[in-house]
Q: 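Next up is a structure, given as structure tokens.
This is a predicted model, so every value here is computed, not measured. First the proteins, then the strands, lettered A, B, ... as listed; each starts at 1. Atoms considered below: every heavy atom in the structure, side chains included; atoms not considered: hydrogens, waters and symmetry mates.
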Amino acid sequence: EIVLTQSPGTLSLSPGERVILSCRASQTVTARSLAWYQQKPGQAPRLLMVGASRRATGIPDRFSGSGSGTDFTLSISRLEREDSAVYHCQQYGTTPSFGQGTRLEIK
Amino acid sequence: EVQLVESGGGLVQPGGSLRLSCVASGFPFTTYSLNWVRQAPGKGLEWISYISKSGDTIYYADSVKGRFTISRDNAKNSLSLQMNGLRDEDTAIYYCARDRTAVTSEYYFDYWGQGTLVTVSS
């Protein structure tokens, strides 16, 4: 099983700032098979990014993803209060597994 | 609009059973494979089961293998999860999620239901 470790665990930023979230895999994730999800309180996860860097339908270009091998990042620019959420990464090169999530608060 | 609506959650004693259901609408049900993914309180997401679009291929996470059974009824656009031998650690929100393997061979989850809470406690 591929274990994904996300960092930081929690962070608090201000509107307009930029953030980079990290997702590190215990083994190489083949073919950049990594997705990111956004989950707001009381809601289901929402797909943001697939293939490490392809935005899902309807996701604004403030969100961008990069990485390969074992290290992946999700960047969010021009932060808005509505970006407050938990962000999960998921690998799908093998049996799917998720990171523990990063909680982002926009004050 | 794609919709996945779960039901069937509740409070159950350890060792008990529960059956979850998920009704789908807004897309051709038989074109997509489906999954159950759970989230324990304050924890990350955990994939637990997959069923192919025809129902002939099924996978389980080790944590539920032998206790949970996934099935689907393509005539009713519904997905089910029969959970037996429930344990405290099965307490979680259970989500029904559609994946893209049957369309693009990529195993990520593009639509999720709102989830149903299962609490295992005496």
Side-chain angles (χ1 to χ4, degrees), chain A residues 1-10 21-26 29-59 65 72 74 85-104, chain B residues 1-7 9 20 22 24 26-27 32-52 57-65 70 92-117:
Chain A
E1 177 193 353
I2 295 180
V3 176
L4 300 179
T5 301
Q6 293 185 241
S7 61
T10 305
L21 310 182
S22 172
C23 177
R24 178 161 289 177
S26 60
V29 176
T30 58
R32 303 180 78 222
S33 299
L34 191 106
W36 289 92
Y37 302 86
Q38 177 193 65
Q39 186 178 28
K40 297 182 179 180
Q43 296 186 17
R46 173 195 181 197
L47 181 66
L48 294 177
M49 203 76 59
V50 301
S53 61
R54 288 183 284 132
R55 279 186 296 277
T57 302
I59 302 304
F72 299 85
L74 175 70
V86 175
Y87 291 83
H88 305 273
C89 59
Q90 178 231 331
Q91 67 78 24
Y92 52 94
T94 64
T95 303
S97 57
F98 294 86
Q100 82 281 16
T102 289
R103 182 176 303 277
L104 173 62
Chain B
E1 180 192 4
V2 173
Q3 284 197 319
L4 298 166
V5 181
E6 302 94 335
S7 61
L20 307 183
C22 170
F27 67 96
Y32 289 87
S33 44
L34 297 167
N35 303 260
W36 289 98
V37 178
R38 69 183 180 184
Q39 186 172 32
K43 301 294 186 182
L45 299 162
E46 179 191 15
W47 168 84
I48 58 171
S49 188
Y50 160 95
I51 188 166
S52 62
T57 300
I58 286 173
Y59 301 116
Y60 298 100
D62 288 344
S63 58
V64 305
K65 197 174 296 181
I70 191 172
I93 296 173
Y94 285 73
Y95 296 101
C96 166
R98 191 183 85 168
D99 74 67
R100 298 286 292 180
T101 54
V103 180
T104 68
S105 299
E106 293 178 287
Y107 198 179
Y108 58 83
F109 308 102
D110 60 352
Y111 284 95
W112 302 62
Q114 287 301 303
T116 186
L117 177 61

Q: Do you know which of A/Gly101, A/Gly93, A/Pro96, A/Ala56 has the most heavy-atom pairs with chain B at a distance under 4.5 angstrom?
A: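 Result: the option with the highest number of such pairs is A/Pro96.
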Q: I want to check something: taking the side chain as every heavy atom from C-beta on, are B/Val37 and A/Phe98 in contact at a cut-off of under 4.5 Å?
A: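 Of all side-chain heavy-atom pairs linking A/Phe98 with B/Val37, at least one is under 4.5 Å.
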Q: Check this for me: B/Tyr59, atom OH, are more than 12 non-hydrogen atoms of other residues, nucleotides or ligands nearer than 6.0 Å?
A: no
Q: Tell me, which pairs form a salt bridge (charged side-chain N to carboxylate O under 4.0 Å, His left out) where one or both residues lie in residues 35-49 of chain B, sequence neighbours left out?
A: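 Residue pairs passing salt bridge (charged side-chain N to carboxylate O under 4.0 Å, His left out), neighbours aside: B/Arg38-B/Glu46, B/Arg38-B/Asp90.
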Q: Using heavy atoms and a sub-4.5 Å threshold, report which of residues 43-52 of chain A line up against chain B, by residue number.
A: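 If one takes a 4.5 Å heavy-atom cut-off, the residues of residues 43-52 of chain A near chain B are A/Gln43, A/Ala44, A/Pro45, A/Leu47, A/Val50.
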Q: Using 0.5 Å steps for rounding, measure from the SG atom of A/Cys89 to the CG atom of B/Leu45.
A: 10.0 Å
Q: Could you list which of residues 103-112 of chain B have a heavy atom closer than 4.5 Å to any heavy atom of chain A, in residue-number order?
A: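 Within residues 103-112 of chain B, the residues that come under 4.5 Å of chain A (heavy atoms only) are B/Glu106, B/Tyr107, B/Tyr108, B/Phe109, B/Asp110, B/Trp112.
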Q: Would the number of heavy atoms belonging to other residues, nucleotides or ligands and lying under 6.0 Å from CZ of A/Arg55 be above 12?
A: yes
Q: Which of residues 29-37 of chain A have a heavy atom under 4.5 Å from any heavy atom of chain B?
A: A/Ala35, A/Tyr37
Q: Select one option (side chain, backbone, both, neither) describing which atoms of A/Ser97 are under 4.5 Å from chain B's heavy atoms.
A: neither
Q: Please rank A/Gln39, A/Gln100, A/Gln91 by heavy-atom pairs under 4.5 Å with chain B and give me the top one.
A: A/Gln39
